[in-house]
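Read through the structure below, which is laid out as structure tokens, and then see the notes.
Values below: every heavy atom of this structure, side chains too, minus hydrogens, waters and symmetry copies.
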Amino acid sequence: MTVQGCLLFAYRCLLWLYPAGFRRRFAAEMVELAEAAEAGEWPLIFSDTSVGVVRSWLQTAKDGATVVGAEPDGYLALGESPLPALRIVQGFVLSAGIILGACYISSVPSLWRFPDYPNCKAISAKNARPAKDTSIRALRHQENGRTDIAAGR
Amino acid sequence: MNDNEGPLTAAALHILLALSECDLHGYGIMQSVKRQTGGSYKIGPGTLYANLSTLLAKGLVGESQRKLKNGDTRREYCLTSRGEQVLRGEVRRLQQVVATVRKRLGRLNEGSV
């Protein structure tokens, strides 16, 4: 199997994590796009699709979620659960992927270190207003000045 | 995505903009977005189809099957009249934002001179 073949296989596996309705409708087209991708575009395709998986599940949860009210002593056996086992497996794989991704990002400091922008510091220092003295002594001093002016001193 | 729903996302705006030119398939939309932004903003398949799904559900984008010469069919997406209306509204909103930014930045420049 070539590198391209391996990447496509991995990509098909990733698409399997999408909600069934979305997968049925768009997966074939997404694979077509991936097949047409150049070697340098694969990181974008994988990262973008991974984010898309999370987003589509969130969207599905927002649009079509049905809240099952729990009875005081009730429990749902897995076989009778409105949540099919397939979805639980998908959720588990997705969670594992997110955790592994987060671990990877936190282990590579160059990925999350923000660049230092010296120009921004210079501009903000230039535009910064002098700090206003709001202490009680300063306010009293201000007030004394006003009364002196009113008294003509 | 209209007056009630707030502004369009950057990806949705670029997709509608691409479809305002002609009907396109997924790959065509990706290429069009790349051209529009001079390659600075690339849209991946995950973002593209997540947005298309939402835009289709809201009736801003329509779809049709086009038969190719080799007998295969390809799904193409088009801008609906409602989509066009929303795109125009978004452009108006962006114009207002740009006008405000120009006014404020102009005032800042005057202050710094």
Discussion item. Show every salt bridge (charged side-chain N to carboxylate O under 4.0 Å, His left out) that has at least one partner inside residues 6-23 of chain B, sequence neighbours left out.
Written reply: none

Worksheet item: Given a strict heavy-atom distance threshold of 4.5 Å, which part of B:L56 is in contact with chain A: side chain, backbone, both, or neither?
Response: side chain

Worksheet, complete the sentence: So, the part of A:F46 with a heavy atom under 4.5 Å from chain B: the answer is neither

Worksheet item: In Å and rounded to the nearest 0.5 Å, what is the CG to CD distance from B:L79 to B:Q85?
Response: 11.0 Å

Worksheet, complete the sentence: Minimal heavy-atom distance between B:G46 and A:D48, with the atoms involved, is N-OD2, 2.7 Å

Practice prompt. Examine whether an atom of A:E32 lies under 4.5 Å from a heavy atom of chain B, and if so say whether it belongs to the side chain, the backbone or both; otherwise answer neither.
Written response: neither

Discussion item. Less than 4.5 Å to any heavy atom of chain A: does that hold for the side chain of B:Q31, its backbone, both, or neither?
Written reply: neither

Discussion item. Are more than 12 heavy atoms, taken from residues, nucleotides or ligands other than B:R93, located less than 6.0 Å from that residue's CZ atom?
Written reply: yes

